[in-house]
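Here is the structure we will look at.
A quick note: this is a predicted structure, and the numbers were derived from the prediction, not measured. Reminder, nothing fancy here: chain letters follow the sequence lines and each chain counts from 1.
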Number of protein chains: 2
Amino acid sequence: MAETPRPEPRYGNRPTMKDVAARAGVGLKTVSRVVNGEPGVTPETEGRVREAIDALGFRRNDSARVLRKGRTATVGLVLEDLADPFYGQLSRAVEEVARAHGTLLINGSSAADPGREQELALTLCARRVDGLIVIPAGDDHRYLEPEMRAGVATVFADRPAGLIDADAVLSDGFGGARDGVAHLIAHGHRRIGFVGDRPRIHTAAERLRGYRAAMEDAGLPVDERWVASGSTEPERVTAALAAMLSGPEPVTALFAGNNRVTVTAVRVLAGRAGGGPPVALVGFDDVELGDVLGVTVIAQDPAALGRTAAELLFRRLDGAAEAPRRVVIGTRLVARGSGEVPPSSG
Amino acid sequence: MAETPRPEPRYGNRPTMKDVAARAGVGLKTVSRVVNGEPGVTPETEGRVREAIDALGFRRNDSARVLRKGRTATVGLVLEDLADPFYGQLSRAVEEVARAHGTLLINGSSAADPGREQELALTLCARRVDGLIVIPAGDDHRYLEPEMRAGVATVFADRPAGLIDADAVLSDGFGGARDGVAHLIAHGHRRIGFVGDRPRIHTAAERLRGYRAAMEDAGLPVDERWVASGSTEPERVTAALAAMLSGPEPVTALFAGNNRVTVTAVRVLAGRAGGGPPVALVGFDDVELGDVLGVTVIAQDPAALGRTAAELLFRRLDGAAEAPRRVVIGTRLVARGSGEVPPSSG
DNA sequence: TAGAGCCTCGAAAACGTTGTCATACCAGGG
DNA sequence: CCCTGGTATGACAACGTTTTCGAGGCTCTA
């Protein structure tokens with residue numbers, strides 16, 4: 001008995017163009033022409049082909065197409081964490097631009113781990129994405145140089161690339177933080193705390209720099225006990241805030257270096273409601289319901305960041321060959337109350 | 001003169017296994033064996049191959065691999081809007097499970113448009129994703145039947161499939177809404193408003209059903225002017241709330257059918273601060289900073305939803321062939337104040 | 001009527017990988 | 001010395017498309 005050796009159904013045994021061609025009684029290439037809307041097919045022939053396509057439930061295998069054409073119509077986006085609304089909005093904006101270019105988007109979360117960032121980026125390159133947008137977790141991107149030379153268009157977003165020269169789209173962290181702190185100073189504060197992320201992270205360093213610049217511009221000294229930069233886990237931030245807010249000369253105002261810190265700060269300040277004088281707060285990056293809570297923030301525009309990065313990427317893909325460019329997206333101070341509280345004591 | 005006809009650099013002219021083989025002086029298949037860690041290669045030969053790989057900067061072309069192997073190690077996720085934190089968390093959970101299975105995830109946002117949902121899902125199928133998780137925007141998914149028959153594992157999440165029999169992972173909208181409304185009733189309310197999404201949306205309908213069940217369980221009548229189900233755009237919701245909260249017999253409590261409505265309701269209620277008696281509020285689905293705002297909610301667990309859907313998907317991919325299953329994920333009432341306000345007048 | 005030119009169409013190569021199978025080689029046993 | 005059996009290796013087909021190129025049929029003009 002000719003026992004069939006279980007022919008391992010690829011793709012679940014889908015019909016191919018060859019099958020369609022056989023059924024329609026035409027050549028393979030004719031099917032290809034119909035599927036791709038290429039000219040040079042009689043309406044009558046086209047009809048037969050379409051009929052066969054419908055009958056068999058044929059759908060073109062884009063994997064094979066990609067292999068032949070050399071372009072995948074796919075771009076990759078490596079970010080920190082899709083569950084963070086900031087990145088969610090950014091990703092969505094990239095997706096929209098990609099869609100307008102007939103391109104799919106693969107997202108990957110690095111979880112702020114440089115190793116995972118690299119693994120992800122290289123995996124995407126192995127898939128031969130046409131382009132890559134990277135929100136750096138690490139600070140050495142030389143591993144991408146061979147890929148970029150090999151033709152993978154690459155744009156960095158939110159933070160610049162490390163140790164290589166590449167396109168980058170950034171928020172104005174320095175200017176934003178400076179404006180925010182100046183706002184607090186204008187409302188009479190002189191002892192202002194800063195809580196931000198590890199200064200190895202470019203954005204965090206820029207914001208800290210903005211804080212110091214604003215203080216210096218106003219001729220105010222900075223007591224290093226007012227500055228906390230490290231992990232932004234709630235516990236650490238809470239501890240840091242507790243330290244700044246106690247002692248004989250507590251800070252009267254806070255500048256929060258990112259939205260996670262802002263959220264924690266809001267919680268801490270709300271929690272001590274009865275237990276202390278009001279403390280002013282300005283946060284970098286907006287938070288949901290910030291308007292209801294009355295939190296004054298330096299608003300970034302994650303969608304603009306994503307859109308701009310994607311547009312730059314597609315310009316590169318369309319052949320633009322200028323030198324790497326750095327684009328800075330402005331921030332906006334949104335006053336909602338928490339930043340306009342006057343200092344509670346001299 | 002033999003003018004070179006501009007040889008159109010594919011993938012930017014990357015080296016292939018053939019190039020590596022040539023340089024190492026071995027056969028093509030041997031390179032393949034080394035790259036894939038297959039046995040049967042002398043350490044000495046392997047050394048030569050690795051050297052060539054490094055020298056040329058070779059990286060395997062996964063597109064070609066996919067074509068040959070028939071599996072893409074990619075799954076697709078069609079959701080409504082990645083910028084919505086609910087879907088962001090869900091997507092992230094799916095990504096983690098996929099990662100554990102060595103699989104990449106392609107997200108696509110349907111923007112709640114059934115046409116776009118279909119377009120996206122079919123595009124993903126053309127890419128030959130191994131599996132698909134769909135958060136329905138439309139209510140007819142027969143278009144996916146050929147794909148599923150052809151072997152694309154498919155799981156629906158958050159809402160069930162329309163007109164086909166398929167796996168689904170859902171939140172307990174009925175039970176959650178019933179509990180939330182019962183909570184308001186337990187605090188003395190008798191005139192309770194419901195604001196939710198269009199009842200064509202399964203989740204919205206379930207929640208409305210839960211509202212009615214709770215009212216009926218308590219023997220309370222429902223005045224249809226208390227029920228608003230339609231678009232959840234802020235303007236519409238604001239208008240609906242204004243109507244319910246005015247008149248001789250305004251509602252004393254509100255049940256918000258989803259997080260967008262909750263946010264709008266919080267804004268509206270905060271906005272009328274001085275202008276009316278306090279109104280109790282329970283929202284379906286948590287919102288960021290809900291704890292600080294003191295909003296009582298029926299919390300869903302988007303991460304559990306995503307994780308469960310992904311796990312079910314991979315079980316299918318591993319060959320599980322049971323009948324389609326429906327999994328329900330429980331909800332949790334989180335009391336934070338807004339739902340415990342007593343009625344302001346008889 | 002012949003030649004030119006256009007249009008429709010299909011055969012065959014190519015894309016870069018993996019699977020199948022044959023070959024060459026070596027050691028060991030008879 | 002031959003045969004057996006295992007190991008290392010490579011030649012070649014296959015995956016499902018797109019690309020290239022040429023064949024045939026038609027119309028038009030001279």
Q. Do A/Val41 and A/Val49 have side-chain heavy atoms sitting under 4.5 Å apart?
A. no

Q.
I need the CG-C1' distance between B/Asn61 and C/dC15, as an integer number of Å.
A. 9 Å

Q) B/Arg68 CZ to C/dT18 C1': how many Å, rounded? A) 5 Å

Q) Does a nitrogen or oxygen in the side chain of B/Lys69 sit under 4.0 Å from OP1 or OP2 of C/dG19? A) yes

Q.
For a quick test of reading the model: is some side-chain N or O of A/Ser32 closer than 4.0 Å to OP1 or OP2 of D/dT17?
A. no

Q: Kindly point out which of C/dC9, C/dT18, D/dT18 is positioned nearest to the side chain of A/Leu28?
A: D/dT18

Q: Could you state the atom-to-atom distance from CD of A/Glu46 to C1' of C/dC7 in whole Å?
A: 16 Å

Q | Closest-nucleotide 5' rank along DNA chain D - winner of B/Gly25 and A/Arg65 | A | B/Gly25

Q | Interatomic distance, B/Lys18 NZ vs D/dG10 P [rounded to whole Å] | A | 15 Å

(Q) Once you apply a heavy-atom cut-off of 4.0 Å, does B/Asp62 come out as touching a base, just sugar-phosphate, or nothing? (A) nothing

Q | B/Arg128 CZ - D/dC15 P separation (whole Å) | A | 14 Å

Q. What nucleic acid atoms does B/Val26 come within less than 4.0 Å of, heavy atoms only: base, sugar-phosphate, or nothing?
A. sugar-phosphate

Q.
I want to verify a distance call: between D/dG16, C/dT8, D/dT17, whose nearest atom is closest to the A/Thr42 side chain?
A. C/dT8

Q: State whether the side chain of B/Arg92 and the backbone N or O of A/Ala83 hold a donor-acceptor pair below 3.5 Å, judged by distance alone.
A: no

Q) Out of C/dG19, C/dA14, D/dC15, which has the shortest distance to the side chain of B/Leu67? A) D/dC15

(Q) Using OP1 and OP2 only, check whether a side-chain N or O of B/Thr45 sits under 4.0 Å from D/dT9. (A) yes

Q) Taking the inter-plane angle between the rings of A/Phe314 and A/His101 on a 0 to 90° scale, is it parallel (under 30°), tilted (30 to 60°) or perpendicular (over 60°)? A) parallel

Q) B/Asn36 CG to C/dT17 P: how many Å, rounded? A) 10 Å

Q: Measure the distance from CD1 on B/Ile53 to C1' on C/dG16 and round it to the nearest whole Å.
A: 14 Å

Q: On DNA chain C, check which nucleotide each of B/Arg33 and B/Met17 is closest to and give me the residue with the more 5' one.
A: B/Met17

Q. What does A/Arg60 touch in the nucleic acid at a heavy-atom separation under 4.0 angstrom: a base, only the sugar-phosphate, or nothing?
A. sugar-phosphate

Q: State, yes or no, whether a side-chain contact exists between B/Arg315 and B/Arg325 at a heavy-atom distance under 4.5 Å.
A: yes

Q: To the nearest Å, give me how far apart CD (A/Glu38) and P (C/dG10) are.
A: 14 Å

Q. Is the shortest heavy-atom distance from the side chain of B/Leu124 to the side chain of B/Ile106 under 4.5 Å?
A. yes

